[in-house]
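Remember, it's 1-based here, ligands and their atoms both numbered in the order they're listed.
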Amino acid sequence: MASSSSPFSRVSQLAVKATILAAVCLLLHGGGGSSASAAELCVSYYDHTCPDAYKIVQGVLVEAHKSDPRIFASLIRLHFHDCFVLGCDGSLLLDTFPGFQSEKDARPNNNSARGYPVVDAAKAALEKACPGVVSCADILALAAEISVQLSGGPGWGVLLGRLDGKTSSIAGAQNLPGPFDGLKNLTLKFQAVNLDLTDLVALSGAHTFGRVKCRFVTNRLYNFSGTNQPDPTLNAVYRAFLSTRCPRNGDANSLNDLDPTTPDTFDKNYFTNLEKNRGFLDSDQQLKSDPGALTTTAPIVDRFASSQDAFFKSFAWSMIKMGNILPITDPSRGEVRKHCAFVN
Ligand code: HEM
Ligand SMILES: *[C@@H]1O[C@H](CO)[C@@H](O)[C@H](O)[C@H]1NC(C)=O
Ligand SMILES: *[C@@H]1O[C@H](CO)[C@@H](O)[C@H](O)[C@H]1NC(C)=O
Ligand SMILES: *[C@@H]1O[C@H](CO)[C@@H](O)[C@H](O)[C@H]1NC(C)=O
């Protein structure tokens, strides 16, 4: 389709896709008593039980953003880290207690994943309006979409109806896609949850906003692959800039913008950065520069760098796919938590 589609036709195309998925849900919930088939999520899941759910979450996010401009980025990352481990089941949100180690403690999350108090605030507001109805896993899905939209990105119909799980997987969380994973391993980790190369590239585009610690770039600046040289796929001007922000023996935890051009805006600049060797993480730049990318991810990076509309369309669809990773819809396996950090 080589049309110059307007934002409106983009949204309506997504609405059509979401409607196709949602139809099944209406059948299950409205048609009564369809037995143990794979239940589906749907956009209208809370229309009768908590019609203001979207607005309530949105209100909490808008409020939180006033004192924390980073919060939108942090919240979408929570949905990603939740969905990749045991599916989108709120497992990330459970707290550690004696005899139970939370995913929050895993290396990719500890001192890194943030925004939990805002999720709790959204949960509290929802419990007030419609007690026991909206799951924490769904709050993360809603917060992700609202965050992208409020940052200038696309909207999509958020599919809902996930239940919260009763357990978590620290091992699964240790195995989340990592900044030092090669392109091959990133591809495999996405494939393992039914996400393809387009999803990998599109979803990586979420690094168009948010912050990142120096510790994830020092090897690229000073000692790439043990060579004592910088990463040759790192733009020299950008390297000089990052070297001042992240000196060799400086604070490994000091923060940088993932996208220095428009740090808090959801746009296609992540991809235009990659075109100029200005990706922050090795896992970012490889999508364009790894030798194996030439016939796989690089053409997709090129496409998104040249068309924000193409990126937004793919991103919205990939978010819906990511949100569909192993949702729990069987009440014998899940619940609607009263508090996101604890099972009921
Ligand atoms: C492709 C594999 C991915 C890798 C290796 C990766 C890695 C990382 C790392 C290392 C950070 C910085 C953490 C820190 O400094 O503490 C980060 C931040 C972030 N990631 Fe990813 N990520 C990936 C995919 C994704 C996806 C799929 C999304 C969402 C759809 C996402 C959204 C974000 C956001 C928004 C931030 C900034 C968070 C904040 O400011 O609080 N990432 N990522
Ligand atoms: C999480 O990070 C803190 C601070 O660096 C550290 O003290 C703690 O041991 C870490 N937790 C785990 C489970 O590794
Ligand atoms: C890819 O994963 C395998 C298996 O976990 C590991 O041995 C290998 O070092 C990884 N390679 C890269 C480049 O991350
Ligand atoms: C560079 O990395 C290699 C391999 O990781 C390591 O053996 C070496 O000590 C590092 N060099 C410096 C100066 O840190």
Side-chain angles (χ1 to χ4, degrees), residues 64 68-84 88 106-116 118 140-141 143-145 147-148 151 153-154 174-193 195 197-231 246 248-249 251-259 263-266 270 274 279-287 290 292 297 301 311 314-323 325:
D68 181 2
R70 181 185 174 192
I71 190 65
F72 295 152
S74 303
L75 289 170
I76 189 179
R77 187 165 184 244
L78 292 185
H79 185 45
F80 160 48
H81 282 201
D82 180 35
C83 290
F84 266 60
C88 311
R107 203 172 2 90
N109 293 324
N110 191 22
N111 296 311
S112 182
R114 64 190 290 282
Y116 303 116
V118 177
L140 292 182
E145 192 270 354
S147 292
V148 169
S151 305
Q174 300 287 17
N175 193 42
L176 276 160
F180 308 119
D181 282 345
L183 180 60
K184 185 77 202 161
N185 281 359
L186 291 173
T187 304
L188 290 172
K189 286 180 179 183
F190 275 67
Q191 260 175 19
V193 289
L195 296 176
L197 290 172
T198 305
D199 300 319
L200 167 62
V201 177
L203 293 173
S204 294
H207 290 173
T208 178
F209 63 173
R211 310 288 179 265
V212 57
K213 295 194 191 80
C214 282
R215 64 173 67 256
F216 298 114
V217 80
T218 38
N219 69 328
R220 298 190 71 207
L221 294 173
Y222 306 113
N223 189 5
F224 186 63
S225 304
T227 56
N228 272 311
Q229 295 295 316
D231 183 345
C246 303
R248 193 159 196 155
N249 297 307
D251 179 359
N253 291 325
S254 72
L255 294 172
N256 304 272
D257 297 321
L258 273 163
D259 170 11
D264 295 312
T265 304
F266 197 99
Y270 170 80
L274 295 185
F280 188 97
L281 299 170
D282 188 34
S283 53
D284 294 323
Q285 194 58 51
Q286 284 186 77
L287 298 175
D290 187 89
T297 50
V301 171
F311 167 46
S314 277
F315 186 80
W317 185 237
S318 294
M319 284 296 290
I320 290 173
K321 284 178 74 177
M322 186 174 85
I325 300 172

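Looking at atom 13 (C) of ligand 3, its nearest protein heavy atom turns out to be Gly182 N, 3.5 Å. With hydrogens left out, the protein atom closest to atom 29 (C) of ligand 1 is Ala206 CB, 3.4 Å, a heavy atom. Protein heavy atom in closest approach to atom 7 (C) of ligand 1: Leu281 CD1, 3.7 Å. Asn185 ND2, 4.1 Å is the protein heavy atom nearest to atom 6 (C) of ligand 3. Summary of contacts: the protein heavy atom closest to atom 24 (C) of ligand 1 is Phe80 CE2, 3.3 Å. Counting protein heavy atoms only, atom 4 (C) of ligand 1 is closest to Pro177 O, 4.0 Å. Among all non-hydrogen protein atoms, the one lying nearest atom 12 (C) of ligand 1 is Val212 CG2, 3.6 Å.
At least one N or O atom of Ser74 sits closer than 3.5 Å to an N or O atom of ligand 1.
Ranked by closest heavy atom to atom 42 (N) of ligand 1, the top entry among His207, His81, Arg77 is His207. Compare Met319, Met322, Lys213, Arg70 by their heavy atoms: the one nearest to atom 15 (O) of ligand 1 is in Lys213. When the heavy atoms of Gly210, Ala73, Ala202 are ranked by distance to atom 35 (C) of ligand 1, first place goes to Ala73.
Close contacts between ligand 4 and Asn228 involve ligand atoms 11 (N), 12 (C), 13 (C) [criterion: under 4.0 Å to a heavy atom]. Close approach to Ser204 involves these atoms of ligand 1, each under 4.0 Å from a residue heavy atom: 1 (C). When each atom of ligand 1 is checked for a heavy atom of Phe190 under 4.0 Å away, the hits are 1 (C). Near Leu258, meaning under 4.0 Å from any of its heavy atoms, are these atoms of ligand 1: 18 (C), 19 (C), 36 (C), 37 (C). Close approach of ligand 1 to Pro179 (heavy-atom distance below 4.0 Å) involves ligand atoms 5 (C), 10 (C). In summary, the atoms of ligand 1 found under 4.0 Å from a heavy atom of Gly178, numbered by their order in the structure, are 5 (C). Ligand-side atoms of ligand 4 in range of Asn223: 1 (C), 2 (O), 3 (C), 8 (C), 10 (C), 11 (N), 12 (C), 14 (O), range being under 4.0 angstrom from any heavy atom. For ligand 1 and Ser283, the ligand atoms under 4.0 Å from any heavy atom of the residue are 5 (C). Listed by atom number, the atoms of ligand 1 under 4.0 Å from Ser112 heavy atoms are 13 (C), 14 (C), 16 (O).
Proximity of Thr187 to Leu200: side-chain heavy atoms (C-beta onward) are separated by under 4.5 Å at one or more points. Contact annotation: the side chain of Phe209 never approaches that of Leu258 to less than 4.5 Å [non-hydrogen atoms, C-beta and beyond].
The shortest heavy-atom contact between Gln285 and Leu274 is NE2-O, 3.1 Å. Counting all heavy atoms, side chain and backbone alike, Leu183 lies closest to Gln286 at N-OE1, 2.9 Å. In terms of heavy atoms, Tyr222 sits closest to Cys246 at OH-O, 2.7 Å.
Phe72 does not count as a contact of ligand 1, since none of its heavy atoms falls under 4.0 Å from the ligand. Residue contact check for ligand 4: Arg248 places a non-hydrogen atom closer than 4.0 Å to it.
Looking only at distances, a side-chain donor or acceptor of Thr227 sits under 3.5 Å from a matching main-chain atom of Gln229. A donor-acceptor pair is defined here as one N or O able to donate and one able to accept, closer than 3.5 Å; such a pair exists between the side chain of Lys189 and the backbone of Leu176. Side-chain atoms of Asp82 never come within 3.5 Å of backbone atoms of His79 as a donor-acceptor pair (strictly under, hydrogens ignored).
Between the side chains of Asp259 and His207, no donor-acceptor pair of N or O atoms lies under 3.5 Å. Between Ser112 and Arg107, the side chains place no donor N or O within less than 3.5 Å of an acceptor N or O (distance only, hydrogens not considered). Using a 3.5 Å distance cut-off with no hydrogens or angles, the side chains of Asn256 and Arg211 do not pair a donor with an acceptor.
Protein heavy atoms are found less than 4.0 angstrom from atom 11 (N) of ligand 4.
Note on Asp68 versus Arg114: salt bridge recorded, some NZ/NE/NH1/NH2 to OD/OE distance being below 4.0 Å.
Here the two rings, on Phe190 and Phe84, have centers that are under 6.0 Å apart. The ring of Phe266 has its center closer than 6.0 angstrom to the ring center of Phe315.
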